[in-house]
K.L.:
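Attaching a single structure in structure tokens format; questions to follow.
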Amino acid sequence: MKQIITLITDFGLQDSFVGVMKGVIYSINPVVKIVDINHNILRHNIQECAINIKNSYSYFPEGTVHLAVVDPGVGTVRHPLIVKTKHHFFVGPDNGIFSYIYENEDCSVYKITSDDYFLDAVSSTFHGRDIFSPVAANLSINHKPEKFGNVISEYVSIELKRPKRDNNNIFGEIIYVDTFGNMMTNIENKEVNHCDEIFVNEISIGTLSASYADGEPDKLIAIHGSNGTVEIAINQANAADRFKVFPCVKILKKVPDNKVSNE
Amino acid sequence: MKQIITLITDFGLQDSFVGVMKGVIYSINPVVKIVDINHNILRHNIQECAINIKNSYSYFPEGTVHLAVVDPGVGTVRHPLIVKTKHHFFVGPDNGIFSYIYENEDCSVYKITSDDYFLDAVSSTFHGRDIFSPVAANLSINHKPEKFGNVISEYVSIELKRPKRDNNNIFGEIIYVDTFGNMMTNIENKEVNHCDEIFVNEISIGTLSASYADGEPDKLIAIHGSNGTVEIAINQANAADRFKVFPCVKILKKVPDNKVSNE
Amino acid sequence: MKQIITLITDFGLQDSFVGVMKGVIYSINPVVKIVDINHNILRHNIQECAINIKNSYSYFPEGTVHLAVVDPGVGTVRHPLIVKTKHHFFVGPDNGIFSYIYENEDCSVYKITSDDYFLDAVSSTFHGRDIFSPVAANLSINHKPEKFGNVISEYVSIELKRPKRDNNNIFGEIIYVDTFGNMMTNIENKEVNHCDEIFVNEISIGTLSASYADGEPDKLIAIHGSNGTVEIAINQANAADRFKVFPCVKILKKVPDNKVSNE
């Protein structure tokens, strides 16, 4: 039996929506553990949902079922999906929320067509309860994904922004801002070492910092982020609040990477 | 053993109140599962609590204990109650939060008088911790409700607003607004079919929509809601924000219901 | 096996941080129960974290591991700690968040130095995931604290504000405000009885009230708080909102305590 179902939604914590999904899940699998990842995804924000999935799934044990419901198309023809990777399962609507999974993992994507696993009455507004939760719960009790529908080869991906390169420069952008106002770029940590110089909107902020606390008061710093990409932050303050438009981030490579010993 | 205790409170998530209740529960029943339904009920709002209970309880397995603490009278003479229905138990103060249960289910209502199941020291401000959590936990380990007190026949109900009828019209009102600003009316889905015309403050918004996404930008729609009553919504926007006072909703029945085939 | 790990952080509920910590914990101990105490500690507020720990830990069963991550010094030289008391374990950074535990319990304090129990890659920004969660999870599967590092005798405490006394007066201050705006003082309930007169900023608010509901509209009351110290509150309103600066609270003892029978 799969032991864990994780939940990501934009349902918030002001209503009974999330609790009801858990009731549906436990009614099917009374012994599963349910872990809330984030229910405060900005309403209908597929990019934010995709990044929360990317940042969390790999920390869970093999066989975990990741249920994500950010679903502006609820009740329309967009399909419900099961995505199977080597170690995990993902359940949710076909609107791009699994784009990073498609990119990072070998995936089998199943279009859910069998309503055998849905609640008896399916509403047009709450598929999180009526379709996705019972599908995830039935997956967790070892129903095979092929019982829910067939493998498909066409499904929706969102464009994943990539840094650009030019001579010794890497040009990145901000793809996510966390609760603290730390701004996650799309430049991978491993591409930036402690000799490089970092520019925010073409103004140098110096080289990488080793910790948030290394930053001087009110000064932007760059740091290797915990999710694998470089972050722009301010020690004990909110960096994102300084900007009305997210800044460009440029890395000036001072020494080729293969000349620098690892930290 | 009962496997699940659900929690609804107005305690918020900014303090340790809810976590402490879980500590008390697990100290008595280490194997129960605790499911948060909603801790962001508007402070002391009995109507909102009652609707969250109504919308959630039936999705949980038989034997679930539903613990609800919205309790402006904490420390006064209002009684703590256990409500037993065919499939569920409810625990909370006698102030009307269980009104929809009284209406929808055959209920036995017990006034909790035995302090055998309370914490040793009962504060005057946190009965969620000192009385209701230990009672719910003890119920979940199969102590019979009659051990906590006697059945009573008088208990508090709030007025449940009902739609009014007049010739071919049904007049309803808004009884709840969800996180997304969707406005739940008190008119049951089954009373409104796709031939009927819906009016909000006497202005027609047309007939029922099949999904949120069917709505044109910025236009109010009516839709069969997931909790059994008609909702007024706007596709990808907040309908409630359009109103300073909740609107009246009128259904003009175009064809008698028994002449319309089911969708 | 220890059955419960509690969590207190300032990570909020807008990101995947807390969910990821749970993934790490369940990967190590699949059968533990994880209880959220509070993830909305004001960013970097050690005092608020310390009080949330004080108010919650004793309601959990023997052997519970309490994990607290409010950590402005993440990535710097501040040490990770395990604190062992008679009944509980605490895991978190050495910055004073465990000050009330040091004061109230016999403690053995271990400085965590062995990285055997850390994730393979330790980031400089998310020790909640990379160090503290795996340490707590490994403690919960009965690895002894001495395997993580040695006992130390010097660790950080914050100053715990104490009431002052002068003849028949006790002078206290506000040390915490809850979600409802109830203001917790540092004066213990047992020091104030129903004969005493309470002053807020030198203005009398009368004697102790027996419940919130006893208070007249808009009038400040004092009440024995559920966490062991006297609270200043307003019935069905937010007392803290009345003040731009937290008030002083004075108790005028009318009768020596030993002359008053217990309530």
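Source: prediction; values computed, not measured. Chain letters run A, B, ... following the sequence lines, proteins first and then strands; every chain starts at 1.
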K.L.:
Measure the spacing between OG of A:S226 and NE2 of C:H127 and express it to the nearest 0.5 Å.
P.N.:
10.0 Å
K.L.:
C:R129 side chain to A:Y59 main-chain N or O, any donor-acceptor pair under 3.5 Å?
P.N.:
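Pair absent, no side-chain N/O of C:R129 close to backbone of A:Y59.
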K.L.:
Working to the nearest 0.5 angstrom, can you tell me the gap between A:F180 CZ and C:H44 NE2?
P.N.:
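The CZ atom of A:F180 sits 6.0 Å away from the NE2 atom of C:H44.
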K.L.:
Which bit of C:D36 is near chain A, if near means a heavy-atom gap under 4.5 Å: side chain, backbone, both or neither?
P.N.:
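For C:D36, there is no contact with chain A at all, as no heavy atom is under 4.5 Å.
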K.L.:
Please flag which part of A:D10 lies under 4.5 Å from any non-hydrogen atom of chain C: side chain, backbone, both or neither.
P.N.:
neither
K.L.:
In residues 115-125 of chain C, which residues are in contact with chain A at a heavy-atom separation under 4.5 Å?
P.N.:
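The residues closer than 4.5 Å to chain A, in numerical order, are C:L119, C:S123, C:S124, C:T125.
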K.L.:
Identify which part of A:I37 has an atom lying under 4.5 Å from any heavy atom of chain C, answering side chain, backbone, both or neither.
P.N.:
both
K.L.:
To the nearest 0.5 angstrom, please state how far the NZ atom of C:K22 sits from the OG1 atom of A:T6.
P.N.:
11.5 Å
K.L.:
Which atom names give the shortest non-hydrogen contact between C:V32 and A:K33, and what distance separates them?
P.N.:
O-NZ, 2.7 Å
K.L.:
Provide the full list of ring-ring contact (aromatic ring centres under 6.0 Å, His included) pairs with a residue in residues 2-39 of chain C, sequence neighbours left out, each pair given once.
P.N.:
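Output for this query lists C:F11-C:F17, C:F11-C:F126, C:F17-C:F126.
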K.L.:
Ignoring hydrogens, what is the shortest heavy-atom contact between A:F60 and C:G19? Give both atom names and the distance.
P.N.:
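For A:F60 versus C:G19, the nearest heavy atoms are CZ-O, 3.2 Å.
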K.L.:
Chain C heavy atoms under 4.5 Å from A:L13: which part of the residue, side chain, backbone, both or neither?
P.N.:
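Interface part for A:L13: side chain.
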K.L.:
Rounded at 0.5 Å granularity, tell me how far OG in C:S16 sits from CG in A:D178.
P.N.:
9.5 Å
K.L.:
Identify which part of A:Y176 has an atom lying under 4.5 Å from any heavy atom of chain C, answering side chain, backbone, both or neither.
P.N.:
side chain
K.L.:
Verify side-chain hydrogen bond (donor to acceptor under 3.5 Å, both in side chains) between A:T179 and C:D15, making sure each step is shown before the conclusion.
P.N.:
CA-CA 7 Å; A:T179 305; C:D15 286 296; 2.3 Å; yes
K.L.:
Among C:P30, C:G73, C:G12, which has the most heavy-atom pairs under 4.5 Å with chain A?
P.N.:
C:P30
K.L.:
Which heavy atom in C:P72 sits nearest to a heavy atom in A:A213, and how many Å separate them?
P.N.:
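Of all heavy-atom pairs spanning C:P72 and A:A213, the closest is O-CB, 4.2 Å.
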K.L.:
Between C:R43 and A:N238, which heavy-atom pair has the shortest distance, and what is it?
P.N.:
NH1-N, 4.3 Å
